Amino acid sequence: MAAPVLRGARAVRCWSLGVGPRRTRALFAESVSGRGSRRSSAAAREPRPGAHEWAAVVGLEIHTQISSNSKLFSGSQVTFLAPPNSLVSFFDASLPGTLPVLNKRCVEAAVMTGLALNCTVNKKSLFDRKHYFYADLPAGYQITQQRLPIAVNGSLTYNLGGGTHWSPSATKTVRIKQIQLEQDSGKSLHDDTRSQTLIDLNRAGVGLMEVVMEPDMSCGDEAATAVRELQLILRTLGTSQANMAEGQLRVDANISVHHPGEPFGVRTEVKNLNSIRFLAKAIDYEIKRQIEELQNGGKILNETRAFDEKLGCTVSMRDKEGKQDYRFMPEPNLPPLILYDAESLPVAADPQQVVNIDWIRERLPELPSVTRQRLVEQYGILPEHSFALLNEDGLLEFFQNVVKETRTEPKKVIGWILTTFLGYLKQQNLAVSESPISPSLLAELLNLLDRKAISVPAAQQVFEELWHNKGKTPGQIIREKKLELLQNQEELEEICQAVLDKHPQEVTAVKKGNQKVVNKLIGLVRRATQGRADPGRIKQILEKQLQ
Amino acid sequence: MATSPAVEGAAPPPRHRGAPRMSRGSARASWEAEMWRPTLRAALRAGGAGVGGCRNAGSDSGKAGSRVSAELIEHLERLALVDFRNREGVERLRAAIEFADRLRAVDTTGVAPMESVLEDRCLYLRADRVVEGNCVEDLLQNSRQTVEEYFVAPPGNITLPKQSEQDPVTQN
């Protein structure tokens, strides 16, 4: 399948044509006639015939820790912080005489994830051993599913516009090659001063799902968006908390570049990526590095590289061993894993021993893509809004609670939620659950606004007060700060008339036809009323009085 | 007739007309054994490793030929952390490979491989409950060196010395 040629249509981060340092411009000049102009980076342009284009190909291997109580093959606990080696059973430490016993929850999690990603769930899958030596792998091998994994041939759809400029044309799909169950390894802490490594096996044996994505992506932005979407799906399913910072989601990227029409180039693998932002940066850097290397006549080595966050570049992980030979062999202690569906379910089966794919499919929760669509239809909000609502943990629930308690239209509520509320949260780096304002308080405020008891600027002030001083209600704040809208028509007319009297030049200017001065007059009235008058009404009264 | 050149997909030569009819499998097997024997003999004469005389290029140890190269020994030592140590060890390796090669004489076309003798058994599924763990002292007992409840290991993997740096006795 031909990789998409990078056109730089999304000027933000997607790689564009033939950009290179100035000294290599000669390479382009000789193959293209009549082109002397400079190139600027990352701008969309039509490919001229003969121009050298580069296409990048990015494939991802994603490991997610399954959210379960116990490990994949043993009954030790799975939890984040615990004293070293306290969550380790004899099997996890690979003591002789121990055998693996498969955890049903992990199987169900893999099936759920497979179904959510449109995969074919294999009714029969096999376990294998992958051998390599490292201190945090006590057995010397990892039990994985290389030959016949639990789910294959799925797809993941994502949208590049996201919460800022969503558009149907920015929807892309990446194919999922397979999903497999495997064991996690322990953790090694390197102590360089004493030239030793400390091994903690708490993580050894925890269930992982490896999601292998085909190389259908072409830049850091696409990869980051796909990973973000996968994160949301996993969290919605509850199969993994997918928190990259805590190591529950690990991404390795395989990157190569080639000229369109030619076979794929040599690929490098980039590991050690701790956040989605660094994932995008690392991929874009690596693409740039490979293009530059090839343009300078160098070669790309099939190697593993790590991303150095501080320098913003990828560095080679010295791999003295060369290509690893993992000596895959079937796991002799585990029979094939058989899954059933409604048709093949054995009649007198013990429900504990049976995983029914159809049963799981019926109970799948609503996936993010479906939710977004439903929100747009249900609340009449824009796709960007529903995207932004799902993008923040707990924000959707907050929004829905506010809508429930207020008469204000959801379209207006969304503005307050996404601009004001989210803005304040981000400023202080708080999660929705840590918000000092509850949905009911915000609903109360919006109700007051809706009744025109206060003006919009006053409402903003009240919001600020509510944020910083917990325990007060909007009503209290309004009374304290005297923010109520002046409702009395006569009083308003008096104030307006007073302002007009004080500024005769402006009055004459308006009467001569200068409409812009009216705004100045409105401003003056607003100041006179200390922001307690609705600008719309002021305008009405002034216009009447100026006739 | 016995050494007709190997042709892919050719029918077995009709050598046993009138003789009791052998089953198709064994006729084919003996025909193919006939076919491969000259190649094997050539390999043994040439003494090279990695001759493509086998139908399926499988694992590293599947290379036909009686000579096992130094690179292969080094590769195996690194993978399995086994020390072949001396000529006798290498000879034993060669004999083991030859013994295993006889499997290739069996025609397994169209037969699904058996991955496990347990293939008819039911894979037991355990409920997701915490029933193990919390035995740090017992586990640390096994380790000669520990630091504050951590196991201690050397930093990274120690690479094996290259073949040329080893005892000349092990060289072929």
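Proteins come first, then strands; the chains are lettered A, B, ... in the order of their sequence lines, and each starts at number 1. Note that this is a predicted model, so its numbers are computed, not measured.
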Legend entry - Most contacts with chain B, counted as non-hydrogen pairs under 4.5 angstrom, among A:Ile338, A:Leu87, A:Asp92, A:Leu126: A:Leu126
Inset, instruction - Step by step, work out the side-chain contact (heavy atoms from CB on, under 4.5 Å) result for B:Tyr150 and A:Leu189. - result: CA-CA 9 Å; B:Tyr150 286 95; A:Leu189 302 168; 3.5 Å; yes
Legend entry - CD-CG distance between B:Glu148 and A:Asn85, expressed to the nearest 0.5 angstrom: 12.0 Å
Legend entry - Heavy atoms from other residues, nucleotides or ligands near CZ of A:Arg194 exceed 12 (cutoff 6.0 Å): no
Compile the donor-acceptor pairs under 3.5 Å between side chains in residues 135-150 of chain A and protein atoms, sequence neighbours left out, one pair per line.
unit_1	atom_1	unit_2	atom_2	d
A:Asp136	OD2	A:Ser188	OG	3.4
A:Tyr141	OH	A:Arg129	NH2	3.3
A:Gln142	NE2	A:Gln183	O	2.7
A:Thr144	OG1	A:Gln180	NE2	3.1
A:Thr144	OG1	A:Glu182	OE1	3.0
A:Gln145	OE1	A:Ile150	N	3.4
A:Gln145	OE1	A:Leu181	N	2.9
A:Gln145	NE2	A:Ser125	OG	3.3
A:Arg147	NE	A:Asp128	OD1	2.6
A:Arg147	NH2	A:Asp128	OD1	2.6

Legend entry - Heavy-atom pair count under 4.5 Å with chain A, highest-scoring of B:Val131, B:Leu118, B:Asp138: B:Leu118
Legend entry - Side-chain heavy atoms of A:Phe127 within contact of B:Leu123, under 4.5 Å: yes
Legend entry - Selection from A:Pro84, A:Ser68, A:Ser76, A:Ser86 maximising heavy-atom pairs under 4.5 Å formed with chain B: A:Pro84
Legend entry - Pair B:Asp128, A:Ser70: side-chain N/O donor-acceptor within cut-off below 3.5 Å: yes
Inset, instruction - Please identify each residue that fulfils side chain to side chain donor-acceptor pair (under 3.5 Å) with A:Glu343, with sequence neighbours left out. - result: none
Legend entry - Under 4.5 Å from a heavy atom of chain A, the part of B:Arg121 involved: both
Inset, instruction - Could you check which of B:Asp120, B:Val136, B:Val117 has the highest count of heavy-atom pairs closer than 4.5 Å to chain A? - result: B:Val136
Inset, instruction - Would you give the length of the straight line joining atom CG of B:Leu125 to atom CG of A:Leu337, rounded to the nearest 0.5 angstrom? - result: 6.5 Å
Legend entry - A:Val78 portion near chain B, given a 4.5 angstrom heavy-atom threshold: neither
Inset, instruction - Measure distances from A:Phe328 to the heavy atoms of chain B and classify the residue's part below 4.5 Å as side chain, backbone, both or neither. - result: neither
Legend entry - Note, B:Leu139 side chain near A:Leu95 side chain (heavy atom, < 4.5 Å): yes
Legend entry - A:Pro336, part contacting chain B, at a heavy-atom distance under 4.5 Å: both
Inset, instruction - Please state whether the side chain, the backbone, both or neither of A:Pro335 comes within less than 4.5 Å of a heavy atom of chain B. - result: both
Legend entry - Greatest number of heavy atom pairs closer than 4.5 Å to chain B - which of A:Lys71, A:Gln352, A:Arg105: A:Gln352
Inset, instruction - Look up atom CZ in B:Arg126 and atom CG in A:Leu102, then write down how far apart they are to the nearest 0.5 Å. - result: 8.0 Å
Inset, instruction - For the residue pair B:Val147 and A:Gln196, establish whether any side-chain heavy-atom pair is separated by less than 4.5 Å. - result: yes
Inset, instruction - State the CG-CZ distance between A:Asp200 and B:Phe151, to the nearest 0.5 angstrom. - result: 9.0 Å
Inset, instruction - Evaluate side-chain contact (heavy atoms from CB on, under 4.5 Å) for A:Leu198 paired with B:Val152, printing each intermediate quantity in order. - result: CA-CA 5 Å; A:Leu198 303 179; B:Val152 176; 3.9 Å; yes
